[in-house]
Structure formats: structure tokens, C-alpha cells
Amino acid sequence: MSTSATARIYLAGFDVFRRDAVEHGVYLKGLCRQQGMEGLYPFDNEVAQDLSPAECAAQICRLNLAMIREADAVLANLNLFRGFEPDSGTAFEIGAAVALGKPVWAYFQAQGAMREWLSSDLQGRDADGFLIEDFGLPRNLMLACSWAGCSASVEEGVIALRQHLSGQPTSG
């Protein structure tokens, strides 16, 4: 990323489901602005009001993918959502960004390796009998092996992503 251009950062995460989603988006974009970057938040898109629910969903998907294409990088909230995994939409957006060659910086509250915080039997299987990954990673290997780095909070992540994009050593 050229230091003269303003990096555009797609802000991925389940934050769009918060009660204060719009206000939180303003906060996230402000964090980016403080680091000299432009935050792209999904609610920045204008979705037509006269669509069926399926058409609305398809338009949101297209618009978010377009934002990811326009972005220089993705900052992704990988905190646990509705269970023991990150939001599936966020995971999809990370995959899209990686496929497009965009760097992804993740942030989440670390809990150690998955095997350490998920309940398992002596063979490492969960209550349903599925094997829990044992690679010492805090998230599924497909996420953990594709991000450029991770931080414990969005505030730390924004700074670390700016450092990463400018070629500086990162603290994340």
C-alpha cells in the first residue's frame, strides 16, 4: 500500500447485528480515520427499500462484496458469535478477501487454542463426537492461516493493520 494513498478498510463482523449498529459503525470508521485510513462499513451501502426479503439479501451481498473489492484490506471481528465460532458471514467475507489477494487483520478476545476452551473428551471430541482441531490455534485453521495478523481488540487491530499496510513492524 502506498503511503500517499488513503487505505480503504472493509470492516467485517457481526457488528451490523448490534442494537447500536449504526453508531458502532461510526465508531469503527472513526478509529480508521484516526490512523489515516478510510473505514468501509456495510451500512454505508444504500439498499433499495422496495425489495422482497430475498432480493434485499442478494443486494446486500452484492454491495458488501463490491466494498471488499474496493478495499485495500479487511479488518474482521472474529469474536465468538451465537456459539463457539465466529460469524459465518464474516468468515465468508474473509475468504472472499483472501481470494482477492487482500490482507485480512483479525481481532478477538483470545481464549487460547481451541482445544483448550472447547469441552472435549480424552480423545479431543466434542459432545457430538466431532474432533476439535488441535493445531494450537485460537480459531479454525482456515481463518488463522489466512490472516495477516490478529489483535485482542478493534482498537489495537486498526493500529496494527495500518502498520502492516505501511510495512512497519506490527505489535499485533
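Electrostatic pairing of R8 and E70 counts as a salt bridge here, judged by a charged N lying under 4.0 Å from a carboxylate O.
Here the CE-CD distance, from M142 to E133, works out to 10.0 Å after rounding to the nearest 0.5 Å. The CZ atom of F135 sits 9.0 Å away from atom CG of N140, with the distance rounded to the nearest 0.5 Å. With rounding to the nearest 0.5 angstrom, the CG atom of L75 is 7.5 Å from the CD1 atom of I9.
For F108 and W147, the gap between ring centers is short of 6.0 Å.
Within 6.0 Å of CD on E23 lie more than 12 heavy atoms contributed by other residues, nucleotides or ligands.
Screening V98, L161, V104 for a side-chain contact (heavy atoms from CB on, under 4.5 Å) involving V74 leaves a single residue, V104. With L143 as reference, P86 is the one residue of P86, C150, P138 to meet the side-chain contact (heavy atoms from CB on, under 4.5 Å) rule.
Between the side chains of E93 and T90, not a single donor N or O lies within less than 3.5 Å of an accepting N or O.
With F130 as the aromatic partner, R125 does not meet the cation-pi criteria of under 6.0 angstrom to the ring centre and within 45 degrees of the ring axis.
For F81, the ring pair (Phe, Tyr, Trp, His ring centres under 6.0 Å) criterion is met by F14, F17, not counting sequence neighbours. Listed by chain and number, the residues in a side-chain hydrogen bond (donor to acceptor under 3.5 Å, both in side chains) with K29 are D44 (sequence neighbours excluded).
Closest heavy-atom contact between C145 and L137: SG-CD1, 4.2 Å. Smallest separation of non-hydrogen atoms from M67 and Y41: CE-O, 3.3 Å.
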